[in-house]
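Input: a single structure, listed below in structure tokens.
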Amino acid sequence: MEFRIESKRLGDVVVLVPEVSQDERGFFMEVFRKDQFEKLGLPTEFVQANHSRSRKNVLRGLHFQWEPPMGKLMRVTVGTAFLVAVDIRKNSPTLGQWCGTEVSAENRRQVWAPAGFARGFCVLSEFAEVQYTCTGLYNSKGESGIRWDDPKIGIEWPIREPELSQKDRVARTLDEWLASPESDNFQY
């Protein structure tokens, strides 16, 4: 089975389409295969897998981690969500730019966003389950977030009144992150 890159966005964010075998009984697909990822120039060393479930209009993000740097391969296994990645790399020509795509259990797309990108999603269906495989272990002292509604970024979220966690309500702006000492040492 093979993966195909559907699109590349902001130079480093990739939307992947897996090959799916399907018949009247159901379907089978590979979500990761080291040799295929190597061939496509994607990472092959993942150290943590996460699974979240959220109800309609929940917005999570924009989250990132600098110590250790963490890239994420994201997919939706139940429902539909709008997945977003924002370039927060200080010296990047696409700093502050964002890309988003609708991912669902039906379209089976996956999004790879490397370290140096803040990531988030909002749920469009009654419920959605998002799974993400990470290249770094979670470290609460080395993670942060950017405001979901930072006007400098201007994400066009497909929902109007998101349900947010307290942490996401008080996240800093991109400019506040860029002015922080942590951003000076951000390796990606």
Side-chain angles (χ1 to χ4, degrees), residues 3-18 31 40-43 50-66 69-90 92-135 143-165 167-169 171-178 186 188:
F3 290 87
R4 154 177 82 77
I5 291 180
E6 181 179 79
S7 63
K8 278 190 155 192
R9 302 181 182 175
L10 301 178
D12 296 307
V13 177
V14 174
V15 178
L16 287 166
V17 181
V31 296
L40 295 171
L42 297 172
N50 302 324
H51 185 149
S52 71
R53 180 177 171 96
S54 304
R55 64 181 173 228
K56 188 173 188 161
N57 293 322
V58 166
L59 190 151
R60 296 185 186 275
L62 304 160
H63 304 149
F64 61 96
Q65 183 170 299
W66 67 86
M70 181 187 287
K72 291 182 181 177
L73 178 65
M74 303 168 286
R75 67 191 185 109
V76 176
T77 54
V78 174
T80 304
F82 185 69
L83 277 56
V84 171
V86 178
D87 189 346
I88 60 169
R89 301 171 296 179
K90 270 191 172 179
S92 172
T94 57
L95 173 66
Q97 293 181 29
W98 68 277
C99 61
T101 192
E102 190 173 296
V103 177
S104 68
E106 288 75 34
N107 73 21
R108 298 184 186 101
R109 301 296 189 261
Q110 296 185 85
V111 175
W112 162 250
F117 285 79
R119 292 151 300 242
F121 66 87
C122 66
V123 176
L124 304 177
S125 53
E126 280 307 306
F127 288 92
E129 293 188 18
V130 178
Q131 295 187 23
Y132 39 104
T133 309
C134 308
T135 59
E143 60 100 19
S144 191
I146 302 291
R147 284 189 59 86
W148 68 279
D149 62 349
D150 185 336
K152 182 171 185 165
I153 299 169
I155 297 171
E156 295 172 15
W157 294 100
I159 61 174
R160 295 288 162 242
E161 295 183 27
E163 186 176 335
L164 304 167
S165 69
K167 174 179 156 181
D168 290 341
R169 267 195 285 281
R172 44 188 162 180
T173 65
L174 178 60
D175 284 340
E176 290 168 335
W177 158 251
L178 294 172
F186 193 19
Y188 43 86

Could you tell me whether a side-chain N or O of N50 sits under 3.5 Å from a main-chain N or O of C134, the two making a donor and an acceptor?
no

Apply side chain to side chain contact (heavy atoms under 4.5 Å, CB included) to the pair R55 and E163, showing each step before the final yes or no.
CA-CA 9 Å; R55 64 181 173 228; E163 186 176 335; 2.6 Å; yes

Do L40 and L16 touch side chain to side chain, with heavy atoms closer than 4.5 Å?
yes

Take L10 and F117 through the test side chain to side chain contact (heavy atoms under 4.5 Å, CB included) and record every step on the way to the result.
CA-CA 10 Å; L10 301 178; F117 285 79; 3.8 Å; yes

So does K8 have more than 12 non-hydrogen atoms from other groups sitting under 6.0 Å from NZ?
no

With distance as the sole test, does R9 use its side chain to make a donor-acceptor pair with the main-chain N or O of W98 at under 3.5 Å?
no

Quick one: do L42 and L73 satisfy side chain to side chain contact (heavy atoms under 4.5 Å, CB included)? Show the steps, please.
CA-CA 10 Å; L42 297 172; L73 178 65; over 6 Å; no

So D87 and R89, salt bridge (Lys or Arg N to Asp or Glu O under 4.0 Å) or not? Walk me through it.
CA-CA 6 Å; D87 189 346; R89 301 171 296 179; 2.8 Å; yes

Yes or no on side-chain hydrogen bond (donor to acceptor under 3.5 Å, both in side chains) for S54 and R60, after CA distance, side-chain angles and deciding distance?
CA-CA 9 Å; S54 304; R60 296 185 186 275; 2.7 Å; yes

Can you tell me if W157 uses its side chain to pair, donor with acceptor, with the backbone of W148 under 3.5 Å?
yes

Polar side-chain atom of R147 near backbone of R169 as donor-acceptor pair, under 3.5 Å
yes

Please identify each residue that fulfils ring pair (Phe, Tyr, Trp, His ring centres under 6.0 Å) with W112, with sequence neighbours left out.
none

Do the side-chain N and O atoms of R109 and T101 include a donor-acceptor pair separated by under 3.5 angstrom?
no

Rounded to the nearest 0.5 Å, what's the gap from OG on S104 to CZ on R75? Could you check?
12.5 Å

Can you list the residues that meet the ring pair (Phe, Tyr, Trp, His ring centres under 6.0 Å) rule with F82, with sequence neighbours excluded?
none

Taking all atoms of both residues into account, what is the closest heavy-atom pair of D150 and I146, and its distance?
OD2-CG2, 4.3 Å

In sequence, state the C-alpha distance, the side-chain angles, and the governing distance for F3 and Q110, and then conclude on side chain to side chain contact (heavy atoms under 4.5 Å, CB included).
CA-CA 10 Å; F3 290 87; Q110 296 185 85; 3.5 Å; yes

Listed by chain and number, what are the side chain to side chain donor-acceptor pair (under 3.5 Å) partners of N57, not counting sequence neighbours?
none

What heavy-atom pair brings A113 and A85 nearest, and what distance separates the two atoms?
CB-CB, 4.0 Å

Between E106 and T80, which heavy-atom pair has the shortest distance, and what is it?
OE1-OG1, 4.3 Å

Please name the pair of heavy atoms, one in R172 and one in S144, separated by the smallest distance, quoted to 0.1 Å.
NH2-OG, 3.1 Å

Is the shortest heavy-atom distance from the side chain of I155 to the side chain of L62 under 4.5 Å?
yes

